Every structure is written in C-alpha cells, then in structure tokens.
Amino acid sequence: MDRPLRLISANPVDRLARVVEALLVVASQPLSVEDLAVAANDDTERIETALRLLGERYSEGRSGIVLEQVAGGWAFRASREAAEACATLFERPVERGLSGAAMETLAIVAYFGPCTRPDVARIRGVAADSVVAGLVERGLIAESGRDAEAAGAIRYKTTPLFERVFGLESLAALPRLDDLGGEADEIRERLEAVAEKRPA
Amino acid sequence: MDRPLRLISANPVDRLARVVEALLVVASQPLSVEDLAVAANDDTERIETALRLLGERYSEGRSGIVLEQVAGGWAFRASREAAEACATLFERPVERGLSGAAMETLAIVAYFGPCTRPDVARIRGVAADSVVAGLVERGLIAESGRDAEAAGAIRYKTTPLFERVFGLESLAALPRLDDLGGEADEIRERLEAVAEKRPA
Amino acid sequence: MIVRELELDLDAFEGPFDLLLTLVLREELELAEVDIAEIVLAFCSRLEERGRLDLDACGEFLVLVAALLELKARGLFPEEALELSELEPEEAAEELARRLADYRRMKEAAAWLSERLEGASERFFRLGPAPLAPRVERQLAPQDPERLGAALRLLATEPPSLSLGHMALRFPPVSQFLERFRAVLGRRSRFDFESEVAGLSRVEAAVAFLAMLELRKAGEVSLEQASSFAPIRVLGTRAATAKEGVESQWIARSA
C-alpha cells in the first residue's frame, strides 16, 4: 500500500489519524486496532501508524489527553497532571435524598422483594428499567436469581448497604404498613389495582 | 515534501488548558465553565480563556476531536469528517426512527415540562403512553416526580441527553413560543368571532 | 340491522361493536387508542350496503357513539371534564382556541426539532462514561425508613374515578322526535329548532337534529338559517300532510 501517512502543512494531523482520534473520543470502551480499521474502512497497518502518531501527540507532559493501550485496545485517559482535578470532578457530594421514582422502587423491592422489573412496573404504573438500573449501580439493590415463572426475569432484593443507609437492622425492621392492609400480598394487590386506575 | 512528523504544536497549550482538556475527555456529561473552574481550582475567566484556546485547536478540519458548547456546557465530539466511521462503529439508537408523534411529545415536554402524560395527551389530542415510554427508554425524557394534583400522575422533563442529541446549548435555545404557530392567532380570532355570534 | 353486532376492523380492535363496548367499560381496551371516526365510517358503509335507513339503528348508534366520544374526551381530560362542560360558550371557544394554538405551536416546534436532528446527524458524542474515567462513588446520606412507607402510601392513594354513569343514560328513539315535530307542525306552520330542544341534553338535542334532517329529506319541512350558528327555522311544507312512513325510503347515501 503506497499511501504514506504524511502531514500536510495546513493539517496538523493526517486525515486517518483525525478519524481515529474522533472514534476514540466518542467510544465508551477501548477500541482494538481491528475495530478502528473496520470503522475507518482502512487497513490495520495504517491504523497502527496513525495510533503511533496520536500516541506522540497525546502523551504525558504534552497534552491533557493521553492515549493509552489497555486490555482490549486503545483509549484516551486524563493526564497525570490533571489527576487532582479529575478526582475533584468525580467526587460527588454526599447526596441528601433519592428521587421519587427511586424511593418508590426501593420501597417496593424492600417490602415485596425479591421482585422483577415487571413487578415494580405493575405497582408503580410505569416502566422501571432505568430506575432499577440506577439503584443497582448505587448498590442499594442487587440481583437475586431469576423468576422461573416470569420468563426468567431477573429478581432484585435490597442489599446490606440499603439496610445501613436506612438504619435498619434487617428487613423485618421496616416500618409497618398496617393502615394499608395486613399481609404484603394484600397490600401489593391493592397497589396494583390503584396503579391501573392512575392516568399515568 | 517528506516533512518530519511534528504533531506537537510548537506552542503547547498552557497547563490550565491541558487540565481542561483532560477533564473534558473523561467527563460523561458536558461541563459548564463553573464545573471546570471548581475541578481545576481556577477562576472562570481563565477557564474561558483556556476554552477559547482549545476551541481553536479542537475545531472542524483541524482535528478529529471537536470542542462544542452544548446542553449548558462544553463537550468533545467527533468531527463531521469522521461521522461515517462513527456511524459504522456506534449505533444511534437514541435518534433512530423518532416518529412524528415522538417529536411532538418531545416538543411538549421541552416547552411545558415537567408535565404528565395526560398533559401531553391534552395538547396532542391522543393518548401518549407508548410514545412517552419510548422516549424514556431512549433517555430523551425522564421522570420528574409525581403530580399531586393530577391523581399522582408521573411528570416528565427532558434530559441533558436530549439537548446533546439535538445540539442545543440549553432549552433556552429552543425557538420562543411566541415565534411559533403564527396561524394560531388567526384560528383564535375565528373561533372568538364564532363564539360571539352564537346565541347564549 | 343490529348496531351492537356491527363488525369493526380498527387498528386497535377487531370484532363486533358490543365486544368493543364491553372491553372499554371493563377498561381492558384503551379508548384513547380507538379511532371513533373509523367506527362511524364502518357504520355508514354498512348502512349504504343496505340501501335503506334504519332509524332505530341510527338512533342507537348515535347514542353509543356519543357516549363513547364523551368517555374518550373525559379520558383525555380527566380532571377537567366537568369544568369544561360548565364553561360558557365564549369561554369554551377561548379554551378550544388555546388548545389548538398550543398544538399548532408544538407541531411547529416538532418540525424545528426534526430539522435540528437532521443537521445534528453528523455530530457524534460519547453517550456513556469514558472508558478510562475514574469510578464514581455515590454516597447517600442516612435516610429515614419512614420515607419508604410514605412512598407506598402515596402509591396506594386512589385517583378520582371516572364516572361511567353517562353510559347508562337512556335516549329517546329518533321516531319520538319525528312524531313530536309533526305534531308541532300540525299546530303551527313553523318553529325554531332551538326553542323546541331547549332544556334537552346535548345528546338528546343531537337525536332531535337527526329527526329534523330526516323530515327535510322526506320533504316534510324546509329549513332556513340566516348564517352559521344562527337559529334554525323549521317550516312545514304542504306535502307534509301527505307523507307518512318515510323512513323506509330514506337512502343512507343522502345523509
């Protein structure tokens, strides 16, 4: 292949290198040379050359963006000199509370769990997928096997972190809901019936 | 014409600009000048100067990484010349196949949100349930509490992803309501004229 | 013709009319998804096939469709239905104009967004976290467990229920208004439609309107109206005395 990568004076970086850096800046996973070759519709050798060029440009001391080879391919990271700033950026203040959707979902899993996402959706009257994913990510609920009846849907239960955050010794210490009816099943049926009547 | 590879600008951006580009390359949301100032522990004026510098460096034609002001902050995106390569590598489930109903619903939530599904139905004249669920799944709108007045209906608002996907600096970049629907006033006048003629 | 057995083939439903009604009343079918205009079209084409007017069927159909429409409207405007029906005509027109204006604006905004999306199709952003970004630890302050119970109590709050009472309203058949108008014309040569139907419900007035049109088709009356929404004047014709049992000659197409 007789197409040397060359810098044209007006262009600081060769076109292929520009495409590769573009791909790397929007990727959520490291990209392999093969991934890059397929996407850029070019061959792996030229991709490797482009990566070398980019490696020089995006290196410690020269740039805040650093190209790094990790398991599975190539990715950008922040330079070490920006480590402190990044730590500040990702340091979240302690959150004071949960959104209404998260609190409802958590209450449902705590009182009626383990239960599946469709179970939660039936009681809330609205799909719960992203809320459940958020609670899993925060470690407040976790997977607890699959529901053999509901087409193998994943069931969720609350975690020890949940109990710590809510100051509960165990789930048995949850506030009683006598005003909503006695048994959990009974309350659950009632909530499902109300959800069907709700406009949203 | 074989020039040596000189990817590094003779005039390297200063330390603050490097920190800012590092922050932008690891952030998962657009960062405001204030976010950047807090993380970099510097003042907003200097951050703005750094952003101007980076804006020149990361611009269409010069770089595969482009700095853009969007969704109330600053973010890197892929350059347009890399769009095809990006399209090969990354699915765009967020934008794919947004129906007319979805667009109208998005518009209503963007202008009148947080609002409920009945609110959307009231303006569109047809039920909005499946459309709203689809937009939530795509992450373009999200729950924002329940409306205590409307029988506990869930309220929705647009997300920062919506602004990013539509390339809006913020919701304020939407056309002003007064500038939309020129015909509307005409209709109003006609209906009012009819109402006046109508025997009480 | 039995209206309840009318076969429907709609986007949201396929089967006889009475099954649709049953499903709607049991709330197993979302009325908002049902295109009522399609039902009307199905009924009209069925009438046309038969070539004859079945007044009782028309009356029954009108009543059922009117009830469906009202139910649908209430479903769309749950908490406002009552308020709206209490509005004065001017206010109702104002409210309607406001809604139409909102919708027009949102249609334009949607078009603007579509264009915007088109223009943005070459702009790719990373949608997930960066591959080598630091892990985020989200810490939650201690929470009051009572809030869990409160969340469930909120979910247990019954929304105000939709009244289905109007579905059970009884309506007079069209023939009753035919007789009534003929009787009036026996005494006087003309009358104002509005004053004859004053005090009737909207749906009853609609049945009366159908009867009036029916008399006109049969040539028993002629109608005058100075302008849209002006009072409708009904004038008896000489032929009226000679006409009887016109129902059977009424052709659906002429409706």
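Note that this is a predicted model, so its numbers are computed, not measured. In what follows, chains are A, B, ... by sequence order, proteins preceding strands, each numbered from 1.
At a 4.5 Å heavy-atom cutoff, the contact between B/Leu174 and chain C is made by backbone and side-chain atoms alike. Residue contact with chain C, scored on non-hydrogen atoms closer than 4.5 Å, is absent for B/Ile65. Only the backbone of B/Val25 comes within contact range of chain C, with at least one heavy atom under 4.5 Å from a heavy atom of that chain. B/Ala173 touches chain C through its backbone: at least one of N, CA, C or O sits under 4.5 Å from a heavy atom, while the side chain does not.
Across all non-hydrogen atoms, the minimal contact from C/Leu155 to B/Arg146 is CD2-NH2, 3.1 Å. When all heavy atoms of C/Arg123 and B/Arg80 are compared, the closest pair comes out as CD-NH2, 3.7 Å.
Heavy atoms of other residues, nucleotides or ligands lying less than 6.0 angstrom from CD of B/Glu60 number more than 12. Surrounding CD of B/Glu137 are at most 12 heavy atoms belonging to other residues, nucleotides or ligands under 6.0 Å away.
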Side chain to side chain contact (heavy atoms under 4.5 Å, CB included) between B/Arg77 and C/Phe124, worked out: CA-CA 6 Å; B/Arg77 65 165 170 83; C/Phe124 278 81; 5.8 Å; no
Side chain to side chain contact (heavy atoms under 4.5 Å, CB included) assessment of B/Tyr111 paired with C/Arg105: CA-CA 10 Å; B/Tyr111 279 97; C/Arg105 288 199 181 93; over 6 Å; no
From CA spacing to verdict: side chain to side chain contact (heavy atoms under 4.5 Å, CB included), B/Val165, C/Arg116: CA-CA 9 Å; B/Val165 164; C/Arg116 189 86 196 180; over 6 Å; no
Side chain to side chain contact (heavy atoms under 4.5 Å, CB included) evaluation trace for B/Phe112 with C/Asp102: CA-CA 10 Å; B/Phe112 300 123; C/Asp102 279 349; 4.2 Å; yes
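Remark: B/Phe162 engages B/Phe166 in a ring pair (Phe, Tyr, Trp, His ring centres under 6.0 Å) (not counting sequence neighbours). Scanning for ring pair (Phe, Tyr, Trp, His ring centres under 6.0 Å) contacts around C/Phe191 gives C/Phe181, with sequence neighbours left out. Here C/Ser114 pairs with B/Met103 under the side-chain contact (heavy atoms from CB on, under 4.5 Å) rule; sequence neighbours left out.
Considering CE of C/Met106 and CG of B/Leu106, their distance stands at 11.5 Å, rounded to 0.5 Å. C/Lys107 NZ to B/Ile108 CD1: the interatomic distance, rounded to the nearest 0.5 Å, is 10.0 Å.
Between chain C and the residues B/Glu84, B/Glu68, B/Glu81, B/Arg124, the largest count of heavy-atom pairs under 4.5 Å involves B/Glu68. When each of C/Ala133, C/Ala111, C/Ala109 is checked for heavy-atom pairs under 4.5 Å with chain B, C/Ala109 comes out on top.
Using a 4.5 Å heavy-atom cut-off against chain C, the contacting residues of residues 26-42 of chain B are B/Val26, B/Ala27, B/Ser28.
A 4.5 Å side-chain heavy-atom check between C/Leu127 and B/Phe90 finds every atom pair outside the cut-off.
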